Structures are given as structure tokens and as C-alpha cells.
There are 2 protein chains.
Amino acid sequence: MSVKDKHGLPEENSRRMELIRAAARLFRDQGYERTTVRDTGNAVGLQSGSLFYHFRTKEEILVAVMALGITATTEQLAEAIASVHTPREKLAALFHVHLNSLLGDNQHALEVMLYEWRSVSDAAKPGLIVLRDRYEALWQTVLDEAAADGLVKPDTRLLRRTLLGSLHWSVQWFRSNGELNVNELADRMLALVLLK
Amino acid sequence: MSVKDKHGLPEENSRRMELIRAAARLFRDQGYERTTVRDTGNAVGLQSGSLFYHFRTKEEILVAVMALGITATTEQLAEAIASVHTPREKLAALFHVHLNSLLGDNQHALEVMLYEWRSVSDAAKPGLIVLRDRYEALWQTVLDEAAADGLVKPDTRLLRRTLLGSLHWSVQWFRSNGELNVNELADRMLALVLLK
DNA sequence: GTCTATACGTGGATAGAC
DNA sequence: GTCTATCCACGTATAGAC
């Protein structure tokens, strides 16, 4: 976890970060459009006027939420991949990190990224796309190595897309009080694509 | 295609149906919250006041859009399954019908179903859930038969969820002017899960 | 940095004429 | 069935005091 990075996400003064986290929760629970700037301010004890000291527009908050979710997940994945050595272990890391992030640590921010894309202005999209592509590039590399070892089918570009779709969709049905925990789910989803 | 069914979707007087289709497109392009009742009315040449002759609330339109998307797809899938005989062919039908619906015929309504769920009131959810469950039950049956024949792995409940997630996600990246057409995509996605 | 007050636009929905 | 006119609530954002 770096102390600072580019893309408007230095590990910022805590007021701003507090707002981003509160907004992430609200945007994911109620949707971005239905969440008012008053709601967002109030969630950290601010009046709506004060919120605009920290962000110039409501959309700036949305973008910050998304950037936080995807960069945090990317960092976690990069670390996890670096800490193991076999293609098989790296492949497993894809599933474990993704699900633990999406269903745990970065749940709200990532769901906002998945479901509020339409509310992002064209001006802000490119910056977020760069972050997303960086994450998916990690996936592609690991999948290619796994395919080279015969662990998964060789159509890795399509495989990447289908797997990410499968994992994203888990937020719609996974319940942490159900029969499976997150890591068990990761293992079973991995088992569905493993060839050996 | 039935002339009439329950769930508020008789093959209705065409004005109402026109509005539902126009709303589907607008809701999917702009999002439900950002689409105004004025937009929706205007799309079929009506003033907003007149729209409320056809629907009591804006939400009633949303629910009608979703119900249309899922019932139309379910009907198409039921027909497709009934018209072939081997587990292998039925399995292929899941992919082909789903993608042709989601990326073609019922694109707008289904994307609304996938992305605007949060805007549905608790009162309206149960009716839609019934429709969704009916669709997924068809999937489950076909996957169980396929697993019994050794065509796919036996963890069919999880398989159903992962496959539906994969297919849903295709709307995010599939482009009809790309290298693949919809049916080729269906075949390649099928190939990724086939064991033989 | 945060507050209060407020400008200004636009939203969903209704009433009543035609 | 559709229109016009309109109600009233609520949205984002700004200004200026503290």
C-alpha cells in the first residue's frame, strides 16, 4: 500500500478520504443519482456547503470513489502475484484477491465502479480506463502463463473477460452468511476452469 | 410469443408498448434516474402529462421494461430448448439465446434489468424475481442434464451463476462491428466450459 | 474548514380543458 | 387520449460570515 500515488489519490488528507469512503457506501447502496450531496456531507457530519470545499463537483467524488476501488485492488493483486512463484499459485491469487476485494475490503467502491459507469462524464473516463486496463493487464499476464502450462484453455483473452464477468456477478448473489466463505468460493470458481 | 400473459404484460395496446420500448432505450442509454418523464413521453411524441394516462408512476414504466426483457428472453429460450433434442444442443441454446437477446433483440430492456435493479421499489421486486427465477430454472435444468452426460463439470449451481455472470458482462465489451459476431461468441464461450 | 442562506433549475405528478 | 398549465419538492452549487 503506497503512501502516495498519482491519479488524484494521494493517501489524502483524511477529511477527503473520509468523504470518499462514505460516498462509496452511499453510492453503492442508493445509487449515485439518488444520493444527494447533502446525504454525502451529512454522513461525515458536514453540511452540504462544506463538502464543496473538498470537491468541486459531485462527479469529482464519484471519480475518486472509483479510482480508489480499482487502484487498491490492483495493488493488492500485484503484491499477491509477486509473493508466489508457480503459475498455478498466481492463477489462484487472481480469484482470491478479486473476490476478497469485491466482497470485502473494497466492496462499495468497486460496486460503484461496476454499476455507475454511465454517470461518469466523457472527460473523466480515460483516466479511469487507464486504471482498469492496468488491472486487467495483470490478469492477462497470469492467464497466459497458466495457459502455457496447460492449466486453462488457451483462449485467454476471452477467458479473461468471461472470468471477470463471473467474478463481478458474484456481488449479486453471494451472501457472507451463506454456506461458502469468500475463499472457498474462490477455490470453487477456480476449479470450474482448471484443466488439471 | 404469446398474445397475452400475466404480470402486467399483455401484448398491450400499442401506445403503452411503444412507451415501454422507448423507455428501455432511454433508461439503458442515460440511466433510469437521469431519464425524465418528459424525455420518455417526447420519445413517442407525447407530452409528459399524457404519459401519466398510460402509467401511474415513473417506476411503473421501469418495472414494465424489466418484465418485458426477461419474459421475452424466457420465451425464446423455452422455444429453443424444446426444438432440439440432445443435451449438447440444449446447452448450446443457452448461450445462443442469451447472447442474441442481450446483445440484440432485447438488449435495452435486459440491460435495464441488469443495471437498474436498485431503483426498483421493494414492493415491485418480488414480481420481477419470480420472472428471473423462471428463466434461471430453465438454465439449471439444462446444465444438470449436460453434467449428467459429462459435458460440463458437475458443480452446476455455481456453474449457472458463473456462466450467467460471464454472459451478462459481455455487454460491457462486445461490439457488433468487432471480429466476432454474436453466434461465434456464443460458440467460443461454450467451448470454454465444455469438457468434451 | 465549516456554517447558514439562498439562487436557480428541474424533477414527478396532478387538474381540467379539449 | 392528449394537451397545457401548474404545484411543489428537491437537486447542485455559490456567497459570504464566522
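The sequence lines fix the lettering, A, B, ..., with proteins before strands; numbering per chain opens at 1. Since the structure is predicted, the reported quantities are computational estimates derived from the model, not experimental observations.
Residue A:Arg88 qualifies as open at atom CZ: its count of foreign heavy atoms under 6.0 Å is 12 or below.
A donor and an acceptor atom, one from each side chain of B:Asp105 and B:Asn100, are nowhere located under 3.5 Å apart. The closest side-chain donor-acceptor pair between A:Glu89 and A:Thr86 falls under 3.5 angstrom. Side-chain N/O atoms of A:Ser119 and A:Glu59 include no donor and acceptor closer than 3.5 Å.
A:Glu136 pairs with exactly one of A:Arg160, A:Arg161, A:Arg157 by the salt bridge (charged side-chain N to carboxylate O under 4.0 Å, His left out) rule, that one being A:Arg160.
In this structure, B:Thr40 reaches neither bases nor backbone, as no heavy-atom distance under 4.0 Å exists between it and the strands shown.
A heavy atom closer than 4.0 Å to some atom of DNA chain D occurs in B:Gly45, B:Leu46, B:Gln47, B:Gly49, B:Ser50, B:Tyr53, B:His54, these being the qualifying members of residues 44-57 of chain B.
Separating the CZ atom of A:Arg16 from the C1' atom of C:dT2 is a distance of 17 Å, rounded to the nearest angstrom. Atoms CG (A:Asn42) and P (C:dT4) sit 11 Å apart, rounded to a whole Å. If you take CZ of B:Arg34 and P of D:dG11, they are 15 Å apart, rounded to a whole angstrom. In this structure, A:Glu60 places its CD atom 14 Å from C1' of D:dT12, rounding to the nearest Å. In this structure, B:Arg38 places its CZ atom 14 Å from P of D:dC7, rounding to the nearest Å. One atom, NZ of B:Lys58, and another, C1' of C:dT14, lie 17 Å apart when rounded to the nearest Å.
Aromatic ring pairs are classed by plane angle as parallel below 30°, tilted from 30° to 60° and perpendicular above 60°; the pair B:His168 and B:His98 is tilted.
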